[in-house]
Amino acid sequence: MALVTMRQLLDEAANGGYGVGAFNVNNLEQVQAIMEAARETGSPVIIQASRGARKYSGDRFLYHLMEAATEVYPEISVALHQDHGNSPETCKSAIDLGFTSVMMDGSLMDDGKTPADFEYNVNVTREVVEMAHASGVTVEGELGTLGGIEDEVGSGEVNLTDPDQAVEFVERTEVDALAVAIGTSHGAYKFTKEPDREVLAMDIIEEINERLPTTHLVMHGSSSVPKELVDIINEYGGDIQPTWGVPVREIQEGIKHGVRKINVDTDLRLAATGAIRKAFAEDPSEFDPRYYLKPARAAMQEVVKARMEAFGQAGHAKDYDPISLPDMAVRYKEQGHQLTVT
Ligand SMILES: [Zn+2]
């Protein structure tokens, strides 16, 4: 089994100067698509599940799908991550389930909708850091809020991360990774035109990275929403309005400035939907789900492969041996929350 903590995976990425895609899963085909792409490119990978995903597939099914991934692909280092935990209880249940990393999103109250104040965020995140690190589990926090609402998460309001607050937040919470809000949104409708430096505040990432050089930064809502994927959906009867995502070259710019984890979900959804629509259109007499799920899985694999190559994680799967959770717990205890693994 090659289960790895996100802390180690991101420390290694920082050493190697690359980023790692974090891909969301709900079902078998998504897990297979991501792992096949990881094998094809020799990439370490983060598989993440939102609360919505856990509800959709059920904790036991989801966990065993992820566990199967580590068994079938033993050469790949996989971190299992709770995306957008809304409370210490949610993070605790993910840790009990066997996840090696949790996000405590204290930028929102536990309804996942109402923006929270800074003190609430610091306190709730610190609580999760104490709890998670005692089990060797990694913690991602979030400061600032993203636009858009996905899987019932989000206030729909954009509040860019303030670099002064980011420094105070990391000092007080001692999180391993920090999600920053730079103007991106969850979902497919991020920008109404190609984003430039006015709408995508990459300078915030540069400033935070200068002041917190050892904190791993996370970009949420970072699907690129490629036009060719949207076009396939629309060509076969879909109705996706013109929209722009985060260009891959901007993500690569972020990776030069401390971005280590890049969350990608929408691009896989678009790829799957386009492939399924195309399959339905090409042979309306087919009714075996494998007829349309196979091309959906292949289309997702292509997207994941392209992102793994673009983020630079390709070829790094075998760079290191994963440290176990109990060993990580000992390291946190001995070296403190702000340890370095490598
Ligand atoms: Zn997110």
Side-chain angles (χ1 to χ4, degrees), residues 6 10 19-26 30 34 45-56 62 79-87 90-91 94 99 101-116 121 124-125 128 138-161 166 169 175-191 195 200-201 204-205 208 215-225 243 245-246 250-251 254 259-270 303-304 307 311:
M6 200 171 76
L10 297 183
V20 180
F23 304 98
N24 287 76
V25 297
N26 302 279
Q30 291 166 324
I34 294 161
V45 69
I46 302 164
I47 291 186
Q48 58 185 13
S50 64
R51 276 189 299 142
R54 288 176 59 184
K55 208 160 115 189
Y56 173 82
L62 192 62
L80 304 182
H81 177 74
Q82 165 79 54
D83 191 19
H84 288 285
N86 63 319
S87 65
T90 298
C91 294
F99 284 49
S101 178
V102 293
M103 177 187 192
M104 176 61 234
D105 181 0
S107 72
L108 301 169
M109 300 300 290
D110 64 4
D111 63 5
K113 288 178 178 61
T114 314
N121 194 355
V124 80
T125 305
V128 171
T138 311
V139 181
E140 173 185 338
E142 174 161 335
L143 189 61
T145 55
L146 275 77
I149 296 170
E150 194 166 58
D151 271 359
E152 293 169 26
V153 172
S155 62
E157 218 177 277
V158 181
N159 293 297
L160 299 185
T161 306
F169 185 81
V175 284
D176 302 280
L178 180 67
V180 290
I182 55 164
T184 66
S185 304
H186 289 124
Y189 298 101
K190 299 181 194 301
F191 306 111
L200 197 59
I204 291 181
I205 285 185
I208 293 174
T215 301
H216 302 304
L217 302 181
V218 182
M219 283 174 74
H220 279 240
S222 292
S223 279
S224 301
V225 194
T243 177
V246 182
E250 295 294 343
I251 297 169
V259 170
R260 298 291 158 233
K261 174 172 179 273
I262 303 104
N263 289 7
V264 176
D265 187 5
T266 295
D267 286 349
L268 280 76
R269 296 179 178 202
L270 292 170
V303 172
V304 174
R307 296 295 174 275
F311 299 162

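It should be emphasised that the depicted structure is a prediction, and the values quoted were computed from it without experimental measurement. Both ligands and their constituent atoms are indexed starting at 1 by order of listing.
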Worksheet, complete the sentence: Taken in chain and number order and not counting sequence neighbours, the residues that satisfy salt bridge (Lys or Arg N to Asp or Glu O under 4.0 Å) with Asp83 are none
Practice prompt. Spell out the protein N/O/S atoms under 2.8 Å from the Zn ion (ligand 1) as residue plus atom name.
Written response: His84 NE2, His186 NE2, His220 ND1
Discussion item. If we ignore hydrogens and angles and just use 3.5 Å, is the side chain of Thr184 paired with the main-chain N or O of Ser222 as donor and acceptor?
Written reply: no
Practice prompt. Would you check if the side chain of Ser224 reaches a backbone N or O of Val246 as a donor-acceptor pair within less than 3.5 Å?
Written response: yes
Fill in: Donor-acceptor contact below 3.5 Å, side chain Thr161 vs main chain Leu143
yes
Discussion item. If the condition is salt bridge (Lys or Arg N to Asp or Glu O under 4.0 Å), which residues does Arg307 pass it with, not counting sequence neighbours?
Written reply: Asp267
Worksheet item: Of all residues at least two apart in sequence or in a different chain, which pass the ring-ring contact (aromatic ring centres under 6.0 Å, His included) check with His216?
Response: none
